[in-house]
A.B. asks: 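One structure is given below, represented as structure tokens, and several questions about it will come after.
Quick note on labels: first sequence line is chain A, next is B, and so on, each numbered from 1. Quantities reported herein were computed from a predicted structural model and do not represent experimental measurements.
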Protein chains: 2
Amino acid sequence: MGDFKLREPLEELAAQCSLPAALEAIGERWAFLILRAAFNGLHHFEEFQSTLGIARNILANRLGRLVEHGIMVRAPLPDDRRKIEYRLTEKGEALLPTMIALRQWGEVWETGTPSTPVLVDARDGVPVREVHVLSHDGRELGWHDMRWATAEDLARGTVCGGEDPAFRELAAE
Amino acid sequence: MGDFKLREPLEELAAQCSLPAALEAIGERWAFLILRAAFNGLHHFEEFQSTLGIARNILANRLGRLVEHGIMVRAPLPDDRRKIEYRLTEKGEALLPTMIALRQWGEVWETGTPSTPVLVDARDGVPVREVHVLSHDGRELGWHDMRWATAEDLARGTVCGGEDPAFRELAAE
DNA sequence: AGATCGGGTTGCGAATCGCTACCTATCCTG
DNA sequence: CAGGATAGGTAGCGATTCGCAACCCGATCT
């Protein structure tokens, strides 16, 4: 027991968009919270278990899955071979913007209060900005400032003002 | 059947961080994909069902939950009262940066290819930037450029260079 | 050697998922 | 206005998955 099977239907959708692929890796219950704990400096099974209150078998399963997906690495410590260190890989660290964006959304729309601890710039101790989608020239874009474009749209430059040199550059590849 | 009960343990954690609160709202399987479909312009039960391939009772449950959480609104159309429109609220639209960040992560670390369709700036048709965590002065911060700060850290300005005027301003509240 | 600790696995009942069939209003058509 | 099609769900039921508690086993400590 404890070896759960994959649920397939997401994979079909992954052909079109990589969101399903991402969810396959970290979309399960607890995965994001384990990740947050890891970002908070936790590295050991018992630490995750006691601070998250997650069931042990589920935790073992999730850690295993995160390792499978290359999001964390499992390393037995040389000085105490009972201890196993779970550590974020570069791939795992790359999930930070997603996690912060989700947390900030929760702050604004769910809890209404800033979470602690706060993530600050290590250089000057100032809290980080709110995560936004930015245009190529750095403007903050709301949903109504964007649109979807197909591969052909991009290649043709038929979307709107295809005169922009930065666009030509991007569309070229 | 179909009325699922909430699982509580997440709520305790929500006191400290609003990530659990956010996950309570959109952390379930399919929720993000329904959201993506909504961002792609789908508005009706059958549209979601056929494009996502999700089971009908699960879809009904998820849509209901998203509506409960104020992420979507359910509106019967006046001209055809069989039809129900599901539409993103402002709160739902605010999830776009999270979704894009997750999708971009999937593109880079899972599928390795850009997804279609591509999200572009409506003004000039240029694809949006990759989502990053930015410092108050706009630098892109990697995980190792940040740290966690407690409320006291912020109030005291003991973190590092507390001389920054922007920091004083933020720490004041 | 015996106790303890870190990191799991096993069993089992409860909750959730997914599939296939209904079901109920509303249109639409003759 | 009867009969069918359409939109949006429910109900039943087997297959997974979750959560809890108990057990296991190889280090390590005393």
Side-chain angles (χ1 to χ4, degrees), chain A residues 1-13 20 23-24 26-34 37-38 42-68 72-87, chain B residues 1-13 20 23-24 26-34 37-38 42-68 72-87:
Chain A
M1 191 163 291
D3 66 317
F4 305 83
K5 290 175 185 174
L6 290 174
R7 288 163 295 191
E8 302 300 324
L10 289 188
E11 299 188 2
E12 308 166 14
L13 297 172
L23 289 169
E24 190 71 37
I26 50 149
E28 289 169 307
R29 187 170 163 78
W30 293 113
F32 252 110
L33 294 172
I34 291 171
L42 303 193
H43 299 295
H44 295 283
F45 190 96
E46 303 292 335
E47 291 177 327
F48 290 120
Q49 205 280 318
S50 59
T51 67
L52 268 55
I54 179 176
R56 301 178 69 84
N57 56 347
I58 303 299
L59 176 57
N61 177 272
R62 288 299 174 278
L63 286 172
R65 181 104 23 124
L66 290 172
V67 169
E68 275 178 28
M72 302 186 87
V73 279
R74 191 193 127 104
L77 291 190
D79 56 326
D80 182 345
R81 289 207 307 269
R82 289 173 307 177
K83 293 190 182 176
I84 306 278
E85 258 211 346
Y86 289 96
R87 198 166 277 284
Chain B
M1 190 162 290
D3 66 316
F4 304 83
K5 290 176 184 173
L6 291 174
R7 288 161 297 189
E8 303 299 325
L10 290 187
E11 301 189 0
E12 308 166 15
L13 296 172
L23 289 169
E24 190 70 37
I26 51 149
E28 289 170 306
R29 186 169 162 79
W30 292 112
F32 254 109
L33 294 172
I34 290 172
L42 303 193
H43 299 295
H44 296 282
F45 190 96
E46 303 293 334
E47 291 176 328
F48 291 120
Q49 206 281 317
S50 60
T51 66
L52 267 55
I54 179 175
R56 301 178 69 84
N57 55 348
I58 302 299
L59 176 58
N61 177 272
R62 288 299 174 277
L63 286 172
R65 182 112 10 131
L66 290 172
V67 170
E68 275 177 28
M72 303 187 87
V73 279
R74 192 193 126 104
L77 290 190
D79 58 326
D80 183 346
R81 288 209 312 272
R82 290 173 306 178
K83 293 190 181 175
I84 306 280
E85 259 212 345
Y86 288 97
R87 196 166 276 285

A.B. asks: B:Trp30 side chain N/O closer than 4.0 Å to the phosphate oxygens (OP1, OP2) of C:dC17?
C.D. replies: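 Answer is no, no contact under 4.0 Å.
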A.B. asks: Let me know the distance between CG of A:Leu52 and P of D:dG19, rounded to the nearest Å.
C.D. replies: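 Going from CG in A:Leu52 over to P in D:dG19 covers 11 Å.
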A.B. asks: Is there a donor-acceptor pair closer than 3.5 Å between any side-chain N or O of B:Gln49 and the backbone N or O of B:Phe45?
C.D. replies: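 No.
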A.B. asks: What's the closest nucleotide to the side chain of B:Asp80 if the choices are C:dG7, C:dC27, D:dG8?
C.D. replies: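 My answer, after comparing the listed nucleotides, is C:dC27.
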A.B. asks: Look at B:Arg74 together with B:Glu68 and state whether they make a salt bridge at an N to O cut-off of under 4.0 Å.
C.D. replies: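 No, no charged N to carboxylate O under 4.0 Å.
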A.B. asks: Starting at CD of A:Glu46 and ending at C1' of C:dT4, how long is that distance when rounded to a whole Å?
C.D. replies: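 About 12 Å, once rounded to whole Å.
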A.B. asks: Find which nucleotide of DNA chain D each of A:Arg81 and B:Tyr86 is nearest to by heavy atoms, and output the residue with the more 5' nucleotide.
C.D. replies: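 Nearer the 5' end of the strand: B:Tyr86.
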A.B. asks: Quickly work out the B:Arg62 CZ to D:dG9 P distance and round it to whole Å.
C.D. replies: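 One finds 15 Å between P of D:dG9 and CZ of B:Arg62, rounded.
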A.B. asks: Provide, to the nearest angstrom, the distance between the CD1 atom belonging to B:Ile54 and the P atom belonging to C:dT16.
C.D. replies: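 Rounding to the nearest Å, CD1 of B:Ile54 and P of C:dT16 are 15 Å apart.
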A.B. asks: Heavy atoms from C-beta onward define the side chain here; which of D:dG19, D:dG12, C:dG6 lies closest to that of B:Asn57?
C.D. replies: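 Side chain of B:Asn57 sits closest to D:dG12.
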A.B. asks: If we ignore hydrogens and angles and just use 3.5 Å, is the side chain of B:His43 paired with the main-chain N or O of B:Arg87 as donor and acceptor?
C.D. replies: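 Answer holds: no.
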A.B. asks: Using whole Å, report how far CZ of A:Arg65 lies from P of D:dT17.
C.D. replies: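 Distance check: A:Arg65 CZ to D:dT17 P gives 8 Å.
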A.B. asks: Below 3.5 Å, does any donor atom in the side chain of B:Arg56 face an acceptor in the base of D:dG8, or the other way round?
C.D. replies: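 Yes.
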A.B. asks: Please give, in whole Å, the distance from C:dA15 P to B:Glu28 CD?
C.D. replies: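 Going from CD in B:Glu28 over to P in C:dA15 covers 15 Å.
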A.B. asks: Measuring from atom CE of B:Met72 to atom CD1 of B:Ile34, what distance do you get when rounded to the nearest 0.5 angstrom?
C.D. replies: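 It comes to 8.0 Å.
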A.B. asks: Looking at B:Arg82 and D:dT6, is any side-chain donor or acceptor paired with a base atom of the opposite kind under 3.5 Å?
C.D. replies: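 Check passes, donor-acceptor contact within cut-off.
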A.B. asks: Between A:Arg65 and A:Glu24, does any NZ, NE, NH1 or NH2 come within less than 4.0 Å of an OD or OE carboxylate oxygen?
C.D. replies: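 No salt bridge links A:Glu24 with A:Arg65.
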A.B. asks: Could you state the CZ-P distance from B:Arg29 to D:dC18, rounded to the nearest angstrom?
C.D. replies: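 Taking atom P of D:dC18 as the reference, CZ of B:Arg29 is at 11 Å.
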A.B. asks: Could you tell me how far apart A:Phe45 (CZ) and D:dC25 (C1') are, to the nearest whole angstrom?
C.D. replies: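 Rounded to whole Å, this separation is 14 Å.
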A.B. asks: When you match A:Arg74 and B:Pro78 each to their closest nucleotide on DNA chain C, which lands nearer the 5' end?
C.D. replies: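 So the residue in question is A:Arg74.
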